[in-house]
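Just below is one structure, and these are the notes that go with it.
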Amino acid sequence: LKLNKIDQSVWIDSISRRMINTGKIKSMVENGISGITSNPAIFQKALSNEDSYDEDQQDLTGTEAGLTYHWSCQQRLPTIDADGYQDDTERESTIFNIDWVNEIEMGDTTHTILAGLEILDTENKNQRYYKCFSSHDGTAALDNNADCVAGATNRKGQKETFTVSRPMDFTKNSDGIANTTHYDQAGTFYARTETDVEITSISLQDQINLNESILLTVGGRFDQMELTVRDTRTGSGETTINDRDIFSPRLGITYKPQENVSLYAAYSESYYPKAGEQYKKQSDAQAITDPDTFENTEIGLKMEINPNLVFTANYFDSENVDSLPDGQGEAETVNLSVDGFELELKGQINEKLYAAFGYADYDGETTPGTPAKEIPESTTTGWINYDVSDSFGYGLGFTRQGESQIGNGAASGGLLPSYTRWDAAMYWTLSNDTSLQLNIENLTNTDYYPHAHSTHQASVGEDINARLSINYSF
């Protein structure tokens, strides 16, 4: 074919047994055909228009004891078993915060003292309902008992099967029965708790300028935390109280070999309550256990290429340490270790153009050789702002995230695929005190999954969306 000589590939959109048996396909390949496509409709046409399949179909058709049976071919669409719940959370927080900063000269050194007091009082109410599918009992009608109860009393795990489509259609199940997804109207909760969180924090830090080249940072934070969780799902639900005193140290040193270059090293600790960030559950064992501790170490470089352009690079190592319940010894377990490096270049390129680009590479393990969940191989980000005039400008950027494990371990149930998401922005200055901004996320409407709670629950990235905001300063 002449088309092949100009690097064009020719495919045919048809195939049948006769074309194969007569050598027609072979002849087409010899004459330059490079591919063949097929689908159920093409296959059905071949079965209907040729007699070369008749003998095989007759072998699958017959009569036995007055019963006629026949063979047929149909496309089977994939299905999924769906489950769900409704989770309502009400949270009220009262925060009191006061900070004090003072600079003290002591001989040749300068001390910058930072002290702070913070009091947090949070009331959290959480309740989770069972989901129900009206089609589960074989009818479209809403019947709370038939739709929601899987067995005598168990309302958990009442799944329904749906045909996979884009977008998903939950208005009918895979058998074509109309479905309404609702929640247990009998008031049976999967979980229901009330939580009180009271934290009083005192922080103190000293930044010591030893000389023009060396800055030393020493500090810490003391937290008195009381976390009370009441199980209100039933009248006999228990109450657990975790009362802890926690100290989180912070150390750092910065060295400036020249005016535009800084080298630094830092160590810090932070903690994470056993009840989680949602404060919705706390077992007896968790109530007598110190929070998880995160030990973070970082070394890095910061360099001003010019007054408007800055390059930073750092290596970090973070370990999540689990404590044993009170009375079970002092042993600690490292259940997550993450290390990697980050690079960033950002600044004003010229009067109108600002740019920021970053790259990070990660390696996470729960135990040696066991990959950790939700730790991407790498991430790459980029963003530019261009000022068309004093009153109008626009921005464009991207986020590239590598694949990551859905669960801990190589055989954890699959991977979250890598993705690239593009975002944009436009901004207008309407007056000295009023501005308008339009942000558009996921410009290319990419399918992506940024997180996964478990193998059965992956977070789906939002489709293309926009947000318009007006800012007024006075």
Side-chain angles (χ1 to χ4, degrees), residues 37-44 71-89 126-192 278 280 373-374 401 403-409 411-419 421 441-442 444-465:
T37 61
S38 186
N39 56 45
I42 292 173
F43 187 38
Q44 182 184 19
W71 171 86
S72 64
C73 177
Q74 64 179 1
Q75 182 183 20
R76 180 70 177 178
L77 296 175
T79 60
I80 60 166
D81 291 333
D83 201 348
Y85 58 84
Q86 177 172 310
D87 195 300
D88 297 331
T89 298
N126 175 267
Q127 53 190 26
R128 178 174 291 190
Y129 297 89
Y130 292 98
K131 62 81 210 68
C132 309
F133 300 107
S134 67
S135 60
H136 187 79
D137 61 347
T139 69
L142 272 68
D143 183 328
N144 195 72
N145 195 59
D147 297 344
C148 300
V149 181
T153 59
N154 181 23
R155 282 171 157 81
K156 184 179 180 182
Q158 188 79 312
K159 298 179 181 179
E160 181 59 293
T161 303
F162 296 93
T163 300
V164 175
S165 62
R166 179 178 171 83
M168 283 295 299
D169 181 8
F170 294 103
T171 62
K172 60 183 178 181
N173 67 7
S174 59
D175 294 326
I177 299 173
N179 172 67
T180 300
T181 302
H182 61 108
Y183 296 90
D184 196 329
Q185 307 301 309
T188 303
F189 296 99
Y190 171 59
R192 191 184 192 198
Q278 297 184 32
K280 66 181 181 181
K373 68 177 184 179
E374 294 193 283
Q401 180 167 300
E403 65 181 21
S404 61
Q405 298 283 144
I406 290 180
N408 292 325
S412 61
L415 298 171
L416 290 175
S418 59
Y419 67 88
R421 192 192 76 200
E441 186 179 271
N442 198 5
T444 56
N445 209 28
T446 298
D447 293 330
Y448 69 100
Y449 309 91
H451 307 288
H453 174 68
S454 184
T455 54
H456 70 285
Q457 194 176 53
S459 298
V460 181
E462 193 169 358
D463 293 340
I464 183 172
N465 62 94

Of all residues at least two apart in sequence or in a different chain, which pass the side chain to side chain contact (heavy atoms under 4.5 Å, CB included) check with Q127? D88, Y129, F189, R192

Side chain to side chain contact (heavy atoms under 4.5 Å, CB included) involving D447 - partner list, sequence neighbours excluded: R166

Shortest non-hydrogen separation from P450 to S459 and the atoms involved: CD-O, 3.2 Å

For D463, salt bridge (charged side-chain N to carboxylate O under 4.0 Å, His left out) partners two or more places apart: none

Quick one: are E441 and R421 in side-chain contact, heavy atoms under 4.5 Å? yes

So, does S134 use its side chain to make a donor-acceptor pair with the main chain of A140 at under 3.5 Å? yes

Pairing residues for T161 by the side chain to side chain contact (heavy atoms under 4.5 Å, CB included) criterion, not counting sequence neighbours: T79, D81, S174

Apply side chain to side chain contact (heavy atoms under 4.5 Å, CB included) to E374 and list each qualifying residue two or more places apart in sequence or on a separate chain. H451

Check whether the side chains of N442 and N465 place a donor and an acceptor atom closer than 3.5 Å, and report yes or no. no

Using distance alone, with no hydrogens and no angle criterion, decide if T446 and T444 have a side-chain donor and acceptor under 3.5 Å apart. yes

Does the side chain of T163 come within less than 4.5 Å of D169's, by heavy atoms? no

Can you tell me how far CG of D175 sits from CD of E160, rounded to the nearest 0.5 angstrom? 7.5 Å

Apply ring-ring contact (aromatic ring centres under 6.0 Å, His included) to F162 and list each qualifying residue two or more places apart in sequence or on a separate chain. F133, F170

Test side chain to side chain contact (heavy atoms under 4.5 Å, CB included) on E403 and L416 and set out the steps. CA-CA 5 Å; E403 65 181 21; L416 290 175; over 6 Å; no

Pairwise side-chain contact, M168 with I80, heavy-atom cut-off 4.5 Å (strictly under): yes

Could you tell me whether the side chain of I177 reaches within less than 4.5 Å of the side chain of K172, counting heavy atoms only? no

